[in-house]
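In this text, all values refer to a predicted model and were calculated from it rather than measured experimentally. The chains referred to below are lettered A, B, ... by the order of the sequence lines, with proteins before strands, and numbering in each begins at 1.
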Amino acid sequence: MSEPVLSTRGLGRVFRVRGHDGPAELHALSEIEITCHPGRSLGVLGESGCGKTTLNRILLALDKPTTGEVAFRGKALGSLSRREMRDYRRSVQPVFQNPFSSLNPRMRVKHIVAEPLVAATGMSRADIRARVAEVLSAVGLPPEDGERFPNQFSGGQRQRIAIARAISSSPQLLLLDEPVSSQDISIRAQILNLLKELQEDFGIGSVFVSHDLATVRFMCDEVIVIYLGRIVEHGPVGKICETPDHPYTRALLAAALPADPDRQEAGIKPIGEIPSPLDPPAGCAYHPRCPFARDICKAERPRLTDPGDGSQVACHMTHAKDW
Amino acid sequence: MPAKLILIRLVEAFFALLLMSLVVFLLSRITGDPVALLLGDNATEADKVAMIRELGLDQSLAAQYWHFLANALQGDFGRSVAAGREPALDLVLSRLPASLSLAAVALASTMLVGIVLGVLAAVTHGTAADVGIRLIALIGQSVPSFWLGIVLIYLVAVQWGLLPTSGYGGPAHYVLPAATLGLFTLAAITRLVRASMLDALGSEYVKLARIKGISEAAVIWRHALSNSLIPVVTFMGTFFATMITGAVVVETVFAWPGIGRLAYESILSRDFPVIQAVVLVITALFILANLLVDFLYLAIDPRMREKG
Amino acid sequence: MRDLAFRVAVALLVVFVVVALIGPYFMEHDPLRGSLRARLDPPAWLPGGTWDYPLGTDRLGRDILSRIVSGARISLAVCALVIAIAGTVGTVVGTFSGYMGGMTDRVIMRVVDLALSFPVILLALLLGAISGPSFANIVIVISLVLWSQYARMARGETLRVKNEDYVDLARTSGLGHARIISRHILPNIAPSLIVVATLQVGVVIVLEASLSFLGVGVPPPNPSWGSMVSEGRSYVVTAWWVAMFPGLAILFVVMAVNIVGDHLTDRLNPALRGRGGA
Amino acid sequence: MSVPLLSIRDLTVRVGPSQNAPVIIEDVSLDLQPGETLGLVGESGSGKSTLGMSILRLAAPPLDKGTSGSIIYKGRDVRKLSNRNLHTLRGGEISMILQDPMASLNPVFSIGAQLKEALRRVPSHRDLDGAAANALAEVKIPSPRSRLKSYPHQMSGGMRQRIVSAIALAQTPELLICDEPTTSLDVTIQYQFLELLAELQKAHHMAMLFITHDFGVVAKTCDRVAIMYAGQIVETGPVREIFHNPRHWYTRALLASVPRTDEKPARLPQITGAPPSVTRRPSGCRFHPRCEAASALCSTEPKFEIVAEGHALRCFHPAGGGA
């Protein structure tokens, strides 16, 4: 396999916040290890407050990890030279969830799309103009649209502009943070197809952050499942969506309601609330919601181990076949 | 944690007072020659030297400030240079009741009328009543109070003879000054309440209240208004400052014997002991008012009770 | 209906500015010099009035119309200077505070809050009393009062814009702080600042007039609208027009400004409706 | 078929009383039987939420004056009720759960106060505190009595939505309108909330009108479904019929475009274009500019026609079914 574009080692992020009684520590992320290769798509699956947005921000160097590090082509982000940093900025580009917030309303589309080029490459004006037209047509917009302002576009078109911007600097990795969840349902398939096409055509890798198992299945090759800031399961998308090992993943699968009234019988019904990350349960953080929890789950945090098929799962009960 | 919040506010209040005292002290020292001012033109050199010693003007600036602070803490700001040479603080305190009663009348009636008008305008949104109320608010925001005072005196008191022209006295004396003093704030509160009521009336919790089937009056006066008062409380500090500013003008126009007029007169006659006392008393009042606003906040918005 | 009010208001403001700029050159009478034969003459339409003095004369026999026209220039000059000074200082402080965030922001904002609600008229009176009434004084004092409003608006808007995803996106493209502020923040907070500036024109005019009325503003014999009202105060009963007309001038101009300000608020930043003028 | 509980006929809602005002809902007719759940599916701007609000006469000001048609609840036209009767109808007979549980509770009143406001309207309740605690217990809020003193900001999104349900059900209505009640909830929380709603529906013998854009939610909760597009109902039928044999091209394309957890196609079938805005709706079949089966006929107005038992649609060229 090719050299990874981004990888993390022992990534953790602790926020100091004000709790109910005095200052408290919020462990948003702990011990996150991921590797992102060009041309491959890694899904990050989790619910609100699980830390997936924090992870995204750290991968984008918008936030710094408390422990561990992010490496760009094997070199820690903190040790990059100015030149390498520019290369990193050019090679890793995000698309955010809300295209109403991600396009500056007072800039023309051509300037929005060109921003990564202006800042991170030494291209001439003429080259930039040509490149803007090229990427606009790649996302299905006529080049004339470059002269217009964002408020003249619908939500779906805005997301296309955001995507055009992200691919303008020919990145190797796209960080996609719920790129379709604010879109209308008839637009979602368009955007997902477009993203997939672009990744295939240009060999771009991606990190696809989502709460929706079905979308992850369509978009990704590999998935990590995060619960309260920790990876609980990691494996190929087919395994995660069909025979997941971790009870949380199984609950997510049950909760991903299929658009079919005849397939509504869930395996494991999800129960309980997501605990506050300020006060996570001891041992396995999922144990209060887990129907299989034993005493060991309350006492000891399970490590990520291979259940025997090359994937990884953090559960004490994985080998107890009786459930 | 309200206790912590109050502590922070008290510390801030202390520093604000200290800062203000320094400003007042420095301003009174850099300006002119207090000795000459006190003694008049035909004083001898010996008189001056004696006076300088008496006032402590031969000491360093820091020592003088320390001295000033120590005295101020004991309520001693010196004596007024004006006729009578009353102690400055006594003079200020004797004028306080007139000002406070006027401000209280103005603020209370302003709040009451402003809130009612604001709610009515929001509820009748888009109708003639709304346009009328907004016109009143527009005029209230635009009319200069000193001119309004003069016009009211001329029309209501002189031409029609309905109310006394000026001076301090019974309830009738309050009407014109309070109206003049309150009109700007009335307009501001009306606009504020109207805007936040419109927001509240379009909110989801008002929808849910209506879904419950409770009467429209309860929806408006209970659900929507309770939330719309929060921004009004936010602006209370500003309103209070507006009132003080207004008091200087209004008390001057209506010959009202309050601290606003005292401030104005003492500044014109460069009566520095009185100026210092007035400014520090007003600052203290102002800080007190802002503390009250913080408490009001805690009472009205449960979300604030948990913030530090 | 709203549009009509807006148009009338804009027309009135245009008249105000034009009169302030070129009006004085068309006036027959010197606003500073009176005619002792024509003291306290009533307006033209009252018995005893002449069209020589359309709005009458004051106690020194000076033409009130000429003085109002001349006063417009003073009001306009004070407005322009104050808004330039307070606007610049406030915007810089507020944007800096909001962009930096954290402790810096908290300290700056406490100061701004204090400045915002402090009855600065006391300082104005003090300064006026100490250094005597002067044009420069009044500009400084009013700027001192008003910069905090820009600072608060600029800070709040900066915080809002800073949280927009396009600012994060700009950072991921490697833009520096200066470029983020100039390309992303300032253009997006500008509309709200324009609204504040508009609404403040009215505040400035009234403050200037109030201070001049109290005798610590524009020094006599220059005809500030406020000092004209003050002079007319003693003659309300016998010659009401001396105080009436300059007061009406203030009222109309400030009303027009407020109408335009409200209109701009609705157009540029509806979220601030009703909160600008307090 | 029995007498419907709610029967809407030819409901049209315009933005204001003028005939030229933009139309939000057009000629909507639907019936709801006692105890059944009807799903109302549509994209943003389809008019589905306005329809829900109109049933309780809660459509915002210019809309209420632009409403025509009839909304018959148990033989009485809701649109002609006196204010007094309207207030007994609201909450007492028809109630509603709104989309955003964060915004739909009043932030300055305690949970108990807001709940009791609704309970007080039921004369048989003597012990209000007890009744309120019971209501919270019914929606599975732990330690309900102590929760009465809490304020909305102290609870999680899932808890708030359950409290909103307790308020909506306090006066035991016979019809509950749910306007996207789970859109802002996490998937595992959504699942539990839907189960809770189903339980409550059974316990109270309620009919439900379930407004959503999520086909998975419809498949799980509804007996029948109506699809809205650009202000009109384009297809309605029993839920199995619609999912397995959709006849309208919009329904068909939309269902096909939803990603699934059990398969990974190379591309998703997608609908081109975007839903029209309220002011720019095409004439004739509103969907024809985006429809793959459109003919010249489709720019004329199609009738709403029954094609099978309980299955009706608005299309000149119905798909499948041998047509």
- [ ] Going by the side chain to side chain contact (heavy atoms under 4.5 Å, CB included) test, name the single residue among D:Asp186, D:Thr261, D:Thr188 that passes it with A:Leu252.
- [x] D:Thr188
Open item on the list: Can you tell me how far apart CZ (A:Arg263) and CZ (D:Arg260) are? Round to the nearest 0.5 Å.
Closed with: 4.5 Å
Task: CD-CD distance between A:Glu273 and D:Gln192, expressed to the nearest 0.5 angstrom - done: 7.5 Å
Task: Contact summary for A:Ala259 and D:Phe243, nearest pair of heavy atoms - done: O-CD2, 3.2 Å
Task: Distance in Å, A:Asp260 CG paired with D:Lys220 NZ, rounded so as to fall on 0.5 Å steps - done: 13.0 Å
Open item on the list: For the interface with chain D, which of A:Gly238, A:Cys241, A:Gly272, A:Gly156 has the highest count of heavy-atom pairs at distances below 4.5 Å?
Closed with: A:Gly272
Task: Contact residues of residues 185-196 of chain A (partner chain D; heavy-atom separation under 4.5 angstrom) - done: A:Ile185, A:Ser186, A:Ile187, A:Arg188, A:Ala189, A:Gln190, A:Leu192, A:Asn193, A:Lys196
Task: Proximal component of A:Glu47, with respect to chain D [non-hydrogen, under 4.5 Å] - done: both
Task: Side-chain (D:Lys264) to main-chain (A:Cys220) donor-acceptor, under 3.5 angstrom - done: yes
- [ ] Please look at A:Cys50 and chain D and tell me whether the side chain, the backbone, both or neither of the residue comes under 4.5 angstrom of a heavy atom of that chain.
- [x] neither
Task: Part of D:Ile189 within contact of chain A (heavy atom distance under 4.5 Å) - done: both
Open item on the list: Is D:Glu43 close to chain A through its backbone or its side chain, or both, or neither, when contacts mean heavy atoms under 4.5 Å?
Closed with: both
Task: Nearest heavy-atom neighbours spanning A:Phe218 and D:Pro259 - done: CB-CB, 4.4 Å
Open item on the list: At a 4.5 Å cut-off on heavy atoms, which part of D:Glu195 comes close to chain A: side chain, backbone, both, or neither?
Closed with: side chain
TODO: Return yes when atom CD of D:Glu292 has more than 12 non-hydrogen atoms of other residues, nucleotides or ligands closer than 6.0 Å, and no otherwise.
DONE: no
Task: Validation row: D:Pro275, A:Asp184 side chains within 4.5 angstrom (heavy atoms) - done: yes
TODO: Measure distances from D:Ala253 to the heavy atoms of chain A and classify the residue's part below 4.5 Å as side chain, backbone, both or neither.
DONE: neither
Open item on the list: Quick check on the interface: out of D:Val258, D:Asp262, D:Thr221, who has the most heavy-atom pairs with chain A under 4.5 Å?
Closed with: D:Asp262
Task: Region of A:Ile240 in contact with chain D, defined by heavy-atom distances below 4.5 Å - done: neither
Task: Shortest non-hydrogen separation from A:Pro270 to D:Tyr191 and the atoms involved - done: CD-CD2, 3.4 Å
Open item on the list: Checking side chain to side chain contact (heavy atoms under 4.5 Å, CB included) between A:Leu257 and each of D:Asp214, D:Val187, D:Val217, which is the one that passes?
Closed with: D:Val217
- [ ] Answer yes or no: is there an ion pair linking A:Glu200 with D:Arg267, defined by an N-O contact shorter than 4.0 Å?
- [x] yes
